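Just below is one structure, and these are the notes that go with it.
Reckoned from all heavy atoms, side chains included, excluding hydrogens, waters and symmetry mates. Quick caveat: nothing in here was measured; it's all calculated off a predicted structure.
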Amino acid sequence: MLDIGWSELLLIGVVALIVIGPEDLPKLFHTLGRITARARSMAREFSSAMEDAAKASGLDDAAKTLKDVNALGSKRALGLDALERATERFEKWDPLNPKDEAPGKPLPDPSAPVPPAPAVVEAAPHALVAAEPPGAPVEGRRQLHAVRRSDRDQQD
């Protein structure tokens with residue numbers, strides 16, 4: 001508000017004590033407090049009267065509607081900000097220099113062969129089979145069987 005610190009208030013109090021005197025100083029502070037309270041109440045009354053007048057005239061609703069329309073027409077709501085970013089990236093893109101495209105990710109070599117997809121092995125409901133890519137040596141392959149306790153008890 002007035003940005004007065006404690007040192008300034010102490011200086012004002014000492015000067016007021018010297019100029020006004022110790023007998024009249026409490027009366028002065030009481031009067032200043034009443035004047036300040038009246039000014040604050042008048043300001044509150046004025047602002048509430050203005051708000052009531054705005055609500056009665058429909059100005060408040062018109063302001064809300066205008067804010068909603070502005071929000072709908074913004075670049076972000078229409079998706080234009082994403083379009084602008086994509087346009088900037090496209091304009092900066094150099095097809096002859098692929099290193100500029102993604103500095104954090106290595107680019108795949110287009111002449112490299114495509115790695116084969118991992119093989120999917122269907123197993124019986126009671127057996128687990130280790131899936132290996134095609135062309136793997138057969139002799140190193142292990143086949144795991146899972147047997148239910150109920151099936152094991154019936155076999156014995």
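- Using a 4.5 Å cut-off on side-chain heavy atoms (C-beta onward), Lys27 and Asp24 make contact.
- Taking all atoms of both residues into account, the shortest heavy-atom contact from Glu8 to Gly5 is OE1-N, 2.8 Å.
- Note that the OG1 atom of Thr36 and the CZ atom of Arg38 stand 10.5 Å from one another [nearest 0.5 Å].
- Screening Ile12, Val19, Ile18, Leu17 against Val15 for a side-chain contact (heavy atoms from CB on, under 4.5 Å) leaves a single residue, Val19.
- Phe46 and Met42 fall into different hydrophobic clusters, where Ile, Leu, Val, Met, Phe, Trp and Tyr side chains are chained together by heavy-atom contacts under 4.5 Å.
- Note that CG of Leu83 is 10.5 Å distant from CD of Glu88, once rounded to the nearest 0.5 Å.
- The cluster map of Ile, Leu, Val, Met, Phe, Trp and Tyr, joined by side-chain heavy atoms under 4.5 Å apart, puts Ile35 and Phe29 in different clusters.
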